[in-house]
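Side chains included, hydrogens not; waters and symmetry mates left out as well; all remaining heavy atoms used. Ligands are counted one by one from 1 in listed order, and the atoms in each one are counted from 1 as well. Residue numbers start at 1 and run along the sequence shown.
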Amino acid sequence: MPKVMRSGLLAIGVLAALVGAAQGVPVQAEPGPAGHLDPRLPVAERVEDLLGRMSLDDKLGQMTQPERRYITPEEVTRYRIGSVLSGGGSAPTPNTPERWADMYDTFQRAALAGPLRVPLLYGVDAVHGHNTVVGATIFPHNIGLGATRSPALVREIGAATAREMAGTGMDWNFAPCVCVARDDRWGRTYESFGEVPELPAKMTTIIDGLQGDDLGGATSVLATAKHFVGDGGTADGDDRGDAKISEAELREVHLPPFRAAVERGVGSVMVSYSSWNGLKMHQNRYLITDVLKGELGFTGFVVSDYNGIDEIDGRPGFTRDEVAAAVNAGIDMVMVPIEWRRFIDYLREAVRDGDVPMSRIDDANRRILAKKVELGLFERPMADRAYLETVGGAEHRELARRAVARSQVLLKNDGVLPLDAEDKIFVAGGAAHDIGVQSGGWTITWQGEPGPITPGTTILEGIRGAAAAVDYDADGGGVDDSYDAAIAVVGEKPYAEHHGDLTGDMGLDAGDLKTIERLREAGVPVVVVLVSGRPLDIADELPGWDALLAAWLPGTEGAGVADVLFGEAEPTGRLPVTWMRDSAQQPINRGDGKTPLFPFGYGLTYG
Ligand code: BGC
Ligand code: BGC
C-alpha cells in the first residue's frame, strides 16, 4: 500500500481512537489495514491477524451476546458486540420476512462500522423451520421427525430452514436440540428426536442440512447442538433440573448425540440450564472443556443459554464470580440478553485480576472468529434477499407436508382407516382447526398460542381437501349416525420449556373427553388424532376408540395428516418414545422392564 494512503488510514485510526477515548468507550489496540479482511488467506491466519489487532475490549465484545430488544445498533458498534440474538418471539414490527432482513442488515452494518469491521453473528431459534417469522414454513417438532426415522428427510428440512433463514439474514440457528428425553413429563420432550441415544444421533443430519457441505455456502447457517449435556435426564423430568445419574449413564445415554454432532462439524454447542449431580452445567469445566473440547475434539465455540450464567449460584442475576466460573469452564460466548454491559465489566475485571486467564479469552475469540471467517461473513455480511421468496414457499411447504405424513404413527386401527374420499366425515376437537395448536411452542412466540398465528393448512382444511363431504363442529355438536366416520382432533395446548412440565395427570382434558364421548354416542366409528408433544395417558379411553393416530406437533402443513387418514400416504411412522400405560410409570423407556401401552418403535401400517 502507498505510504500516503497508509498514513491517511493511520490518521483516521488515531482520530477514531481519540474520539473513542473522549467518549470513554473502548479503544482498539492497533488500527490499520488488515490481513484478516483478505479472503485469500487461510482461516487460521486471518484469525491470528485479527486477534493481533484486537484490544481486550474488542475481545470482550466478541464474547457478548445481547438480545435485540436490549441493545441499539449504536451500542453494537461502540461495544464491538460479537453477536445479537432474537429470543423466543422477539421479532421486528411488522413481523415480515423483509423486516427481519432490514433488522439484520441494520445490526450488521453497525457491527461493520467498528474499526476492525468484524461482522456479527445473528442467532435465532429456528427449531422447526424459521419459526419466529410469520409466514415461514413450520415443520414438525423434533419428536415427529424422530418418528419418521428418516435422516435424509431431516437433512432436507435442515437445508430448507437454512434457506428461509438466509433470506432474512440470520447466520446462526440454536438448533438442533439433540437431547434424549427420558421422562415425558419434561416440558421439552417434543424438542427431542427420541428417548434412545441412537435416534437423536442419527438425526444430526439436520446439521448437514443447516450448515451445508461447508459453512461458506450461500445458504449455510451455523448449527448448535443443545443442551449440553443431560438436559433430558433430569429427575422427574424437571426442566432445568438435576440429572442424578452416574457418569457411565451420562456417557451412554446423553453424550452420543453430541459426539455425532461434533463428527458432523457442528459449529456451536449450547450449554444446558440443568445440573449434573448438583453441579450446574454452566460451571462444569470437566464436561465442557475436558470432555467436549478435549475428548470429543470439538473445535467450534460454546454458547451459554439465555441468562444461563445467572443460575450458577442459585440466586437471581449474575455476579463477577459466576462470569469467571462460566468462562473458565469453557463457555466462549455468553448469552446475556439484558445485562450485557455488566457482563463486559465483570469479565474485564476478572481478566485484570487474573481470575480469567488471557489465554482463555484468546481461545474463545479464536473459536468465534474462525466460524465468522468460515461462514464467509467478512465477504458477504448482508442478508441475501434472493432467498426471501423461499420463506413459506411452495416447495418448502410440500416438503413439510411429506414430513408430516411420514411422522404420523398409527397406534390403533379397527379397520376404519384409511378413510375413503367418498365418505361422509364429521370432524371435531379443539386441535382440528387451529394452526397455533398444531404448531405448538416455539411458533411465532416463545410459548406458542392457539389461533391463526401464521399462514398454513389446518388439519381440518387438510381433511376438507381430501374428502368431498366434511362437516365440522369443534365440540362435536350436530354429529349423528349419517356419517361414515367421525374424527376427533384433540390434545395439548402450546407450551415451551418449564411451562410444559407436568407433575400430575397426563391425560386429555375434560373438554376433549366430552367431545369424543359425543362422537361415540352418535354410533359412528371414531378416529382420534392426537396433537401432542408427547405420549398422553389414554389407556382407559382407548378401548372405545376405533382408531388412534399420533400426529405429534405437525406445524403448518396439516394436509400431511389427512394424507395418512385417507391413505394417500402409508403410515410409516414409528414411536420415538415408549408410550406409557399410566402416568405413574414415568419415566418409562425402552428396555427398562416396564410394560408399556405401546413399545418404543411401535407403529401400524395399512399393509
Ligand atoms: C425469551 C426466550 C428465552 C426465555 C428464557 C424469554 O423471555 O424470549 O427466548 O428462551 O425467556 O427464560
Ligand atoms: C432455551 C434455549 C434457547 C434460548 C434462546 C432458552 O430459554 O433454553 O433452547 O436457544 O432460550 O432463545
Exercise for review: Could you list the atoms of ligand 2 found under 4.0 angstrom from a heavy atom of Met270?
Suggested key: 2 (C), 10 (O)
Practice item. For Phe174, take its heavy atoms, then give the atoms of ligand 2 lying under 4.0 Å from any of them. Key: 10 (O)
Practice item. Kindly state whether the ring of Trp446 and the ring of Tyr306 have centres lying under 6.0 angstrom apart. Key: no
Point to revise | Min N/O separation Tyr273 to ligand 2 under 3.5 Å | key: yes
Review point. Has ligand 2 got any nitrogen or oxygen that is less than 3.5 angstrom from a nitrogen or oxygen of Glu497?
Key: yes
Exercise for review: Compare all side-chain heavy atoms of Leu250 with those of Leu287 and state whether any distance is below 4.5 angstrom.
Suggested key: yes
Practice item. List in chain and number order the residues that pass side-chain contact (heavy atoms from CB on, under 4.5 Å) with Glu311, two or more places apart in sequence or in another chain; answer none if no residue qualifies. Key: Arg240, Tyr273, Lys280
Exercise for review: Flag Asp125 as yes when one of its N or O atoms lies below 3.5 Å from any N or O atom of ligand 2, and as no otherwise.
Suggested key: yes
Review point. CD of Glu247: more than 12 outside heavy atoms within 6.0 angstrom?
Key: yes
Exercise for review: Can you tell me which residue pairs pass the side chain to side chain donor-acceptor pair (under 3.5 Å) test with a partner in residues 173-184, sequence neighbours excluded?
Suggested key: Asp183-Arg185, Asp184-Gln586
Point to revise | Contacting atoms of ligand 2, where contact means under 4.0 angstrom from a heavy atom of His227 | key: 2 (C), 8 (O), 9 (O)
Practice item. Compute the ring centroids of Tyr79 and Phe343, then answer whether they are less than 6.0 Å apart. Key: no
Check your understanding: According to the interplanar angle, ranging from 0 to 90°, do the rings of Phe107 and Tyr122 count as parallel (below 30°), tilted (30 to 60°) or perpendicular (above 60°)?
Key -> tilted
Practice item. Flag Glu191 as yes when one of its N or O atoms lies below 3.5 Å from any N or O atom of ligand 2, and as no otherwise. Key: no
Point to revise | With His130, the side-chain hydrogen bond (donor to acceptor under 3.5 Å, both in side chains) member among Thr137, Thr168, Thr390, Asp125 | key: Thr168
Review point. Which atoms of ligand 2 have any heavy atom of Arg188 under 4.0 Å away?
Key: 1 (C), 2 (C), 8 (O), 9 (O)
**Study point:** Atoms of ligand 2 close to Asp305 [distance to a heavy atom under 4.0 angstrom, numbered from 1]
**Key:** 1 (C), 2 (C), 3 (C), 4 (C), 6 (C), 7 (O), 8 (O), 11 (O)
Exercise for review: Could you tell me whether Trp442 and ligand 2 have an N or O pair separated by under 3.5 Å?
Suggested key: no
Check your understanding: Against heavy atoms of Lys226, which atoms of ligand 2 measure under 4.0 Å?
Key -> 2 (C), 3 (C), 9 (O), 10 (O)
